[in-house]
Student: 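Structure in structure tokens, see below.
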Amino acid sequence: MRYRPFGRSGAAISNLTLSLGFDALGRGPLEAKELIYSALEAGINAYRLETADPVLAEVVGQALSHIDRKLVCVSLALGRGDGRRGHERDFSAEGMTGAIDRALHVSGLGWFDAALLEEPAEDELPQASLNALKALRSTGRVRLLGVAGEGDVMDTYVSTGAFDVLVTPYHVNSEWRVRHRIRTAREQDMAIFAYGYFPDSLQSARKAAALDGRKRGWFGLGGGGRPKDDPLAGAGTFAFVHQTPNWDAESICLAYALTEPAVSSILISADAPGRIETLAAVTERDMPPGLAAQIEMARINTRAA
């Protein structure tokens with residue numbers, strides 16, 4: 001496992017962050033703890049709670065109780081509720097403060113390294129709520145404040161300077177708006193979590209090959225794609241991510257996301273220890289020569305469609 005600076009916090013965070021939610025609890029608390037133990041063995045020191053559900057918080061707290069708290073980074077997603085009223089969204093000052101206090105109480109973690117607001121709309125986060133979060137930060141119950149999402153409103157939240165962390169999708173085919181947002185956040189010394197490194201559009205060879213800007217010609221000026229039997233069919237598309245020797249498509253996408261120096265850590269999910277080991281191994285590998293150039297060619301080509 002490799003580590004990077006976590007924004008202005010001065011802490012070092014693992015390249016991968018294990019994201020834990022109701023799916024992790026699906027097989028029971030013991031299995032969820034085993035996932036965390038496997039992540040620790042792989043060198044992962046960063047964990048995100050996808051909800052403030054007290055059961056999840058308790059499981060995470062128990063699994064990490066034997067680790068020096070200063071050596072792990074635990075973040076909490078806010079706005080999704082805490083499981084008491086389903087998945088009702090709640091960005092009120094009372095709701096978020098209560099969720100944080102309950103999660104800290106049952107987990108015994110002492111503090112959350114980051115409170116991450118999940119996809120707040122432009123009119124969904126009142127000033128009173130932001131003030132309440134800043135108060136929690138001043139008391140040490142929360143170290144950093146973050147915002148997560150992919151809509152244009154994220155640019156507004158980043159520009160306010162009120163947040164320390166940005167959680168954003170990032171993958172081989174991310175559009176320029178996302179890339180610009182990441183650069184802007186980095187210039188403001190924000191820590192950056194990336195998710196969605198393996199988009200659905202690349203999860204099969206057929207889908208990857210279909211991302212071909214030439215189907216309408218360069219810059220949409222006409223023309224067509226190559227016949228299926230053409231030896232160059234798939235050239236300039238993302239088909240190669242399923243054709244690279246000794247690499248699978250997900251590993252290529254993860255390795256590419258890790259080449260972005262502004263990204264502090266990549267969010268991953270897992271349903272078994274073996275998956276954690278597989279993804280952790282990617283952090284120690286360098287992409288094959290020329291692969292980055294292929295990715296850029298394919299990205300430019302698809303964006304020309």
Side-chain angles (χ1 to χ4, degrees), residues 3-21 36 39-40 44-54 56-80 82 91 93-118 120 125 127-149 154 157-158 160-168 185-195 262-267:
Y3 302 84
R4 295 181 178 179
F6 188 48
R8 66 190 70 167
S9 71
I13 189 174
S14 52
N15 281 178
L16 304 182
T17 294
L18 182 60
S19 188
L20 300 158
I36 298 174
L40 289 170
I44 295 175
N45 73 343
Y47 301 87
R48 179 185 73 152
L49 282 68
E50 297 174 5
T51 171
D53 177 67
L56 177 64
E58 183 177 14
V59 167
V60 173
Q62 291 176 352
L64 298 178
S65 61
H66 64 291
I67 303 293
D68 184 338
R69 179 65 182 87
K70 296 179 181 178
L71 298 180
V72 291
C73 175
V74 185
S75 56
L76 174 66
L78 296 172
R80 295 180 175 178
D82 60 6
F91 289 104
E94 298 80 4
M96 291 193 293
T97 299
I100 290 172
D101 286 344
R102 283 189 293 273
L104 286 177
H105 175 71
V106 299
S107 67
L109 288 169
W111 70 85
F112 286 113
D113 295 272
L116 309 173
L117 308 185
E118 292 289 318
L125 183 63
Q127 186 62 43
S129 296
L130 188 55
N131 291 340
L133 291 173
K134 290 180 178 179
L136 289 173
R137 185 173 58 182
S138 67
T139 62
R141 284 180 286 175
V142 170
R143 297 289 174 86
L144 302 173
L145 301 181
V147 62
M154 290 300 109
Y157 283 120
V158 169
T160 65
F163 297 97
D164 312 294
V165 183
L166 172 66
V167 186
T168 178
R186 184 66 187 90
E187 290 170 357
Q188 297 181 192
D189 291 328
M190 295 178 71
I192 300 171
F193 285 114
Y195 65 90
V263 171
S264 300
S265 189
I266 308 291
L267 294 173

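Counting begins at 1 with the first residue of the sequence.
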Student: Could you tell me which non-hydrogen atom of Pro54 sits nearest to which non-hydrogen atom of Val106, and how far apart they are?
Tutor: O-CG2, 3.5 Å
Student: Do Val167 and Leu267 make a side-chain contact, defined as non-hydrogen atoms from C-beta onward lying under 4.5 Å apart?
Tutor: yes
Student: Could you note down all residue pairs passing salt bridge (charged side-chain N to carboxylate O under 4.0 Å, His left out) where residues 61-76 supplies at least one of them, sequence neighbours left out?
Tutor: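 Non-adjacent pairs meeting salt bridge (charged side-chain N to carboxylate O under 4.0 Å, His left out): Arg69-Asp113.
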Student: Report the residues that fulfil side chain to side chain contact (heavy atoms under 4.5 Å, CB included) with Arg141, sequence neighbours left out, ordered by chain and then residue number.
Tutor: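 Here the qualifying residues are Asp101, Leu104, Leu136, Thr139.
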Student: Any non-hydrogen side-chain atom of His66 less than 4.5 Å from a side-chain atom of Leu40?
Tutor: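 Sidechains of Leu40 and His66: in contact.
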Student: Side chains of Phe193 and Val165: does their closest heavy-atom pair fall under 4.5 Å?
Tutor: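 They are in side-chain contact.
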Student: May I ask you to test the Lys134-Leu145 pair for a side-chain heavy-atom distance under 4.5 Å?
Tutor: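 A side-chain contact exists here, since the closest heavy-atom pair is under 4.5 Å.
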Student: Hey, could you give me the CD1/CD1 distance between Ile13 and Ile44, rounded to the nearest 0.5 Å?
Tutor: 10.5 Å
Student: So how far is it from Tyr195 OH to Ser265 OG, rounded to the nearest 0.5 Å?
Tutor: 15.0 Å
Student: Can you see which heavy atom on Val263 is nearest to which on Ala194, and at what distance?
Tutor: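 Shortest heavy-atom separation between Val263 and Ala194 comes out as CG1-CB, 3.9 Å.
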Student: Do the side chains of Leu130 and Phe163 get nearer than 4.5 Å, heavy atoms only?
Tutor: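 Touching, per the 4.5 Å side-chain cut-off.
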Student: State, with a plain yes or no, whether a side-chain heavy atom of Met96 is found less than 4.5 Å away from one of Ser129.
Tutor: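 A side-chain contact under 4.5 Å exists here.
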Student: Out of Arg143, Arg137, Gln188, which one pairs with Asp164 under the side chain to side chain donor-acceptor pair (under 3.5 Å) rule?
Tutor: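 Among Arg143, Arg137, Gln188, the one meeting side chain to side chain donor-acceptor pair (under 3.5 Å) with Asp164 is Arg137.
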Student: If you round to the nearest 0.5 Å, how far is CG of Leu133 from CG of Leu144?
Tutor: 12.5 Å
Student: To the nearest 0.5 Å, how far apart are CG in Asn45 and CG in Leu18?
Tutor: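 That separation rounds to 11.5 Å.
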Student: For residues Tyr47 and Phe112, establish whether the separation of their ring centroids is below 6.0 Å.
Tutor: no
Student: Going by atom types only, do Ser19 and Arg48 share a side-chain donor-acceptor pair under 3.5 Å?
Tutor: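 Ser19 vs Arg48: donor-acceptor pair found between side chains.
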Student: What is the minimum heavy-atom distance between Leu125 and Tyr157, and which atoms define it?
Tutor: CB-OH, 3.7 Å
Student: Would you call Pro120 and Met154 a side-chain contact if the rule is heavy atoms closer than 4.5 Å?
Tutor: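 Pro120 reaches Met154 side chain to side chain.
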Student: If you compare all heavy atoms of Gly61 against all heavy atoms of Leu109, which two are closest, and at what distance to 0.1 Å?
Tutor: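 Answer, listing the atom of Gly61 first, then Leu109: CA-CD2, 4.1 Å.
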Student: Please name the pair of heavy atoms, one in Ile192 and one in Ala185, separated by the smallest distance, quoted to 0.1 Å.
Tutor: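 Closest heavy-atom pair between Ile192 and Ala185: CD1-CB, 4.1 Å.
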Student: Calculate, to the nearest 0.5 Å, the distance between atoms OG and CZ belonging to Ser14 and Phe6 respectively.
Tutor: 10.5 Å
Student: Does the side chain of Glu58 come within less than 4.5 Å of Ser107's, by heavy atoms?
Tutor: no
Student: Run through Val59, Leu56, Leu49 and flag the one making a side-chain contact (heavy atoms from CB on, under 4.5 Å) with Leu20.
Tutor: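 Looking at Val59, Leu56, Leu49, the match for Leu20 under the side-chain contact (heavy atoms from CB on, under 4.5 Å) is Leu56.
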Student: In Å, rounded to the nearest 0.5 Å, how long is the span from CD1 of Ile36 to CD1 of Ile67?
Tutor: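 Those atoms lie 11.0 Å apart.
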Student: Can you give me the closest heavy-atom contact between Pro5 and Ser264, atom names plus distance?
Tutor: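 Scanning both residues, the minimum pair turns out to be O-OG, 3.3 Å.
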Student: Could you check Ile100 against Val142 for side-chain contact (heavy atoms from CB on, under 4.5 Å), going step by step and ending with a plain yes or no?
Tutor: CA-CA 9 Å; Ile100 290 172; Val142 170; 3.9 Å; yes
